[in-house]
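Reading through the structure tokens given below for one structure.
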Amino acid sequence: MFRSSCWGAVLLFVAAVPIAEGKIDRKPIVRQFNLHLNESHVYSPIQVGNGDFAFGVDVTGLQTFVPHNTLSSWGWHNSSLPTTPGQTSPEDFTGLDWWTHDRLINYAQPNPAQKDISQWMIANPHKINLGRIGLSFGGLNVSEDDLQEKSQTLDLWNGLVTSSFQYKGKRVEVETVACHDSDTVAVRIKSDLVRAGQLGVFFDYPYASGKNKFDAPFVGVWNQTNSHQTELKQSSHAATIVHTLDATRYLTEIEWEGAAEIREPKDGSHRYTFKGDGHADTLSFTVTFAPEPVKKAGGFHTIKAGSESWWNGYWNSGAFVSLPSGTNSSAKELQRRIILSQYLLAVNGAGRDPAQESGLVNNGWYGKFHMEMVFWHLAHWTLWNKWNLYDRSIGVYERFLPTSIERARDQGCDGARIGKMSDPTGRSAPGQINSVLIWQQPHPMYFAEMEYRSFPTQATLKKWDNVLSSAADFMVSYAWYNETTKVYDLGPPMYPVSENTNPNETINPTFELAYWRFGLDVAEKWKQRQNQSIPSKWVTVRENLASFPVENDVYVLYEGVKDMWTTPELSEDHPGLLGIYGWLPPDSQLNLTIFNQTVDKVYQSWNFTYSYGWDFPLLAMTAARMGDAETAVNWLLDENNQFDEVGMPVGGTRVPTPYFPASAGLMLAVGMMAGGWDGLEGPIFPEDWDVKVENFATAM
Ligand SMILES: *[C@@H]1O[C@H](CO)[C@@H](O)[C@H](O)[C@H]1NC(C)=O
Ligand SMILES: *[C@@H]1O[C@H](CO)[C@@H](O)[C@H](O)[C@H]1NC(C)=O
Ligand SMILES: *[C@@H]1O[C@H](CO)[C@@H](O)[C@H](O)[C@H]1NC(C)=O
Ligand SMILES: *[C@@H]1O[C@H](CO)[C@@H](O)[C@H](O)[C@H]1NC(C)=O
Ligand SMILES: *[C@@H]1O[C@H](CO)[C@@H](O)[C@H](O)[C@H]1NC(C)=O
Ligand SMILES: *[C@@H]1O[C@H](CO)[C@@H](O)[C@H](O)[C@H]1NC(C)=O
Ligand SMILES: *[C@@H]1O[C@H](CO)[C@@H](O)[C@H](O)[C@H]1NC(C)=O
Ligand SMILES: *[C@@H]1O[C@H](CO)[C@@H](O)[C@H](O)[C@H]1NC(C)=O
Ligand SMILES: *[C@@H]1O[C@H](CO)[C@@H](O)[C@H](O)[C@H]1NC(C)=O
Ligand SMILES: *[C@@H]1O[C@H](CO)[C@@H](O)[C@H](O)[C@H]1NC(C)=O
Ligand SMILES: *[C@@H]1O[C@H](CO)[C@@H](O)[C@H](O)[C@H]1NC(C)=O
């Protein structure tokens, strides 16, 4: 038997899919779910944005009363490094050694003897709120209650927010829109109050905190005005505000039409005011946030027209599903979630980095993104044929390859070990779970295969070859050949998807075994397709992985787990073991009789009150794959899986709102039900539903 484990006593350093002409009349279906609001929502702003930049607004169409956030892919900040002797730089961080198959392996885990630098590396860099833009009522302290006839609409089809209200008997209209290809928000305010000089705009800037894992609903610190600086530079019909927070520096480029002026704060704050010269009733301006000077964004109308055409193209391209909204309330709610999720994922989940769980609404995990969650954030685009959005960040695997290779090498392994909680440089934050989790590792195989199914070209093969080989090499050297059982084991130490076991006892979890086999299988096909030889150790490990752990004729979480069904902590959280049939296609080792009994057992025993996020899409994909569309729909609409009035997936008791893996997971499950999978021609929805689908890719 080939001995390939990196944990071995002997270390081995072995080395566009065409867019079909739409038959469904999409526009009225999308517009049916336009948002109509008459008050601000503190937790869930309405947003405009482009995937890399989003601007959350209150009922005024700006951030007048509620300091909703302005977040981007590029806005990050480091707090000052600790001054504790021996802990003054990330290079001082030592991590911890854990026994791993008779060897001590160093993992990037917080070291109790190095609390300060460990915490610094977890919390830095953190994402910053770029600034606040609100209406200013000529210096008066006006509150939302002082406005009448408030009315706001988000027109999903055009990506436009229109807000209006009465103040002191005068009507105010505000249009807000984001640019599709620069981090610009364009605004048009129309009111007699503008002409009267009683209505203008303010710009304000917070400091960054870095203290809270979750900064929700608001990001930034508004009362440390001395810790950061702003500076105004004026020019003709334009101004630049330079904001400096320690080493972070970026620009706000403001451009306007007509005569207006911007004034610096005199009170030591960072609140700038901006108003027209009293000759016009309209104030139109654009605000671009950028790390470097950028070319002019164009005026309000240019940006509005560009946004409109981008959003029209978005809705008209890729897949679409029409459910019987008029006749069935479940279908209507599902259609609402689908449409609003499509809007929100284009705004929050389609940037140059994979999304953080809260997108660009607020900060979770300091604004960092998780490599295991890349699957949930991006997989749906592949079924919905929205490849341009998927392409924006899928290069993360290639980009992070150097740090992934270094991580594997430092642990004595081959290949590339994909990290976990990441910043844009590819550094994975210290963490016990972060350092030994493994289910992120086969994701590139899933993506590569989905891509190849739609684009079976040399270019696709080439694009992924390096990443897949490196990922597979790690998977093979991670697997440990057990001389007693004569199989390859996964772990310990490791955490399974549910992150709820003792890592030192966790061995051969059901889901990870299936995913390892799936990943190696794709890696082998990749070599075959290129007429290259398949490394024999890949085949050996894949063919000799440990069997799925079975107890009393049901699959269990991991091999040897004690009392899983009666221990509350083990029969809650992500039911990963159901992912082997639904999320994943069936593999050679799957026994459907046992699987069926496992599903029944989970249904009977699981604490679904504790479930959240992508658990429900996972359950839905399993139910759908078993042929039960009614149950699949029920999971998607489960009482513990709520989407609020503006379509944000509610976090529940465990995470703040929004938790976008629930939206992206919903899109994945619906995409699978609409497009079917190998062996089943879709769609599969409740029998009495009149469903129309078009242009879906088929799932594996
Ligand atoms: C605001 O909207 C809510 C929900 O749509 C509605 O119940 C309420 O009557 C509206 N209030 C006003 C003042 O229009
Ligand atoms: C934060 O510091 C790290 C070095 O530890 C550096 O790689 C990164 O670029 C810095 N980020 C920012 C936004 O200053
Ligand atoms: C796992 O084992 C390591 C020693 O290899 C030990 O330091 C650590 O505390 C153990 N972790 C848990 C959660 O028991
Ligand atoms: C503005 O008015 C609100 C109540 O409407 C009050 O809570 C707040 O303190 C006032 N702010 C200032 C600066 O006067
Ligand atoms: C600053 O504001 C925060 C709340 O955002 C508050 O907890 C803190 O006490 C304030 N600090 C000062 C110095 O006012
Ligand atoms: C809607 O469809 C679901 C799934 O088929 C069904 O269970 C439910 O009874 C239907 N509701 C109505 C009001 O028809
Ligand atoms: C070999 O496998 C058995 C059964 O899973 C397990 O108890 C044992 O710990 C494994 N041996 C090693 C060295 O990991
Ligand atoms: C692999 O070989 C087959 C059969 O000889 C050939 O058709 C195919 O083009 C080759 N593929 C590549 C990537 O060279
Ligand atoms: C599947 O498992 C059942 C129950 O253990 C067993 O009776 C059956 O033979 C298995 N089927 C296959 C194909 O192994
Ligand atoms: C398992 O199979 C039985 C018998 O065919 C069926 O009644 C049951 O619904 C199945 N369970 C699931 C979860 O599909
Ligand atoms: C199920 O989860 C909920 C939510 O976390 C918790 O309050 C409840 O105690 C759990 N129930 C059991 C039986 O563990």
Side-chain angles (χ1 to χ4, degrees), residues 7 72-82 87-93 95-113 117-128 130 208 210 228 243-250 291 353 366-368 402-403 411 422-433 435-437 491-495 499-507 553-555 569 575 577-578 581-582 591-606 619-632 634-635:
W7 318 126
S72 67
S73 313
W74 49 265
W76 296 82
H77 169 259
N78 280 332
S79 301
S80 54
L81 281 156
Q87 301 187 45
T88 57
S89 119
E91 281 77 52
D92 294 337
F93 173 74
L96 285 181
D97 292 342
W98 272 21
W99 287 107
T100 305
H101 298 294
D102 302 328
R103 282 209 302 133
L104 274 176
I105 298 290
N106 187 262
Y107 294 101
Q109 297 188 4
N111 185 332
I117 193 65
S118 301
Q119 182 54 34
W120 188 91
M121 291 172 73
I122 293 168
N124 289 280
H126 39 262
K127 219 171 233 195
I128 56 168
L130 299 176
H228 58 124
H243 188 202
T244 308
L245 314 80
D246 308 301
T248 298
R249 183 177 175 277
Y250 65 93
D353 290 325
Y366 306 96
K368 297 185 183 185
T403 51
Q411 298 179 357
S422 302
D423 65 53
T425 69
R427 179 163 69 68
S428 188
Q432 189 178 110
I433 292 170
S435 65
V436 299
L437 199 72
M494 66 160 295
Y495 276 101
E499 303 180 354
N500 57 354
T501 61
N502 180 335
N504 291 328
E505 287 172 8
T506 307
I507 178 169
D553 281 340
V554 297
Y555 293 123
E569 306 81 69
L577 76 177
L578 297 193
Y581 188 64
N591 179 323
L592 269 175
T593 309
I594 295 181
F595 188 75
N596 167 293
Q597 285 155 199
T598 309
V599 178
D600 285 340
K601 187 80 180 168
V602 168
Y603 284 3
Q604 289 156 20
S605 321
W606 218 255
L619 289 157
M621 288 191 282
T622 293
R625 186 118 30 194
M626 295 183 84
D628 188 349
E630 298 258 345
T631 301
N634 288 343
W635 281 125

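Just follow the structure's listing: the first ligand is 1, and inside any ligand the first atom is 1.
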Quiz item: For ligand 10, which atoms have a heavy atom of V599 less than 4.0 angstrom away?
Solution: 13 (C)
Quiz item: Is the shortest N/O to N/O distance between Y603 and ligand 10 below 3.5 Å?
Solution: no
Self-check item: Validation row, ring centre W76 to ring centre Y366 under 6.0 Å
Solution: no
Self-check item: With W74 via ring pair (Phe, Tyr, Trp, His ring centres under 6.0 Å) - residues at least two apart
Solution: Y250
Practice problem: Sort out for me which residue in T622, D600, V554, L577 forms a side-chain contact (heavy atoms from CB on, under 4.5 Å) with F595. | Solution: T622
Quiz prompt | Expected output: side-chain T506 to main-chain P492 donor-acceptor under 3.5 Å | solution = no
Practice problem: Calculate, to the nearest 0.5 Å, the distance between atoms CD1 and OG1 belonging to I507 and T501 respectively. | Solution: 12.0 Å
Quiz item: Does the W120 side chain pair with the main chain of S79, one donor and one acceptor, at a distance under 3.5 Å?
Solution: yes
Exercise. Please state whether D628 comes within less than 4.0 angstrom of ligand 10, counting heavy atoms only.
Key: no
Practice problem: Return yes or no for this condition: an N or O of Q432 is under 3.5 Å from an N or O of ligand 3. | Solution: no
Practice problem: Output yes when a side-chain donor or acceptor of D92 lies under 3.5 Å from a complementary backbone atom of T88, and no otherwise. | Solution: yes
Exercise. Go through ligand 10 atom by atom and flag the ones less than 4.0 Å from a non-hydrogen atom of M626.
Key: 12 (C), 14 (O)
Practice problem: Mark up the atoms of ligand 10 that fall under 4.0 Å of a heavy atom belonging to D600, in ascending order. | Solution: 1 (C), 11 (N), 12 (C), 13 (C)
Quiz item: Hey, what do you get for CE (M494) to OG (S435), rounding to the nearest 0.5 Å?
Solution: 12.0 Å
Quiz item: Any donor and acceptor pair, going by atom type alone, linking the side chain of Q597 with main-chain N or O of D553 inside 3.5 Å?
Solution: yes
Quiz prompt | Proximal ligand 10 atoms for N596, defined as those under 4.0 Å from one of its heavy atoms | solution = 1 (C), 2 (O), 3 (C), 8 (C), 10 (C), 11 (N), 12 (C), 14 (O)
Quiz prompt | Ligand-residue contact atoms, ligand 3 with N504, heavy atoms, under 4.0 Å | solution = 1 (C), 2 (O), 3 (C), 8 (C), 10 (C), 11 (N), 12 (C), 14 (O)
Starting from the N and O atoms of ligand 2, collect every protein N/O partner closer than 3.5 Å and put each pair on its own line with the distance to 0.1 Å.
from     : atom 1 : to  : atom 2 : distance (Å)
ligand 2 : 2 (O)  : N78 : ND2    : 2.3
ligand 2 : 11 (N) : N78 : ND2    : 3.1
ligand 2 : 14 (O) : N78 : ND2    : 3.1

Practice problem: Without swapping roles, check the side chain of K368 against the backbone of N124 for a donor-acceptor pair under 3.5 Å. | Solution: yes
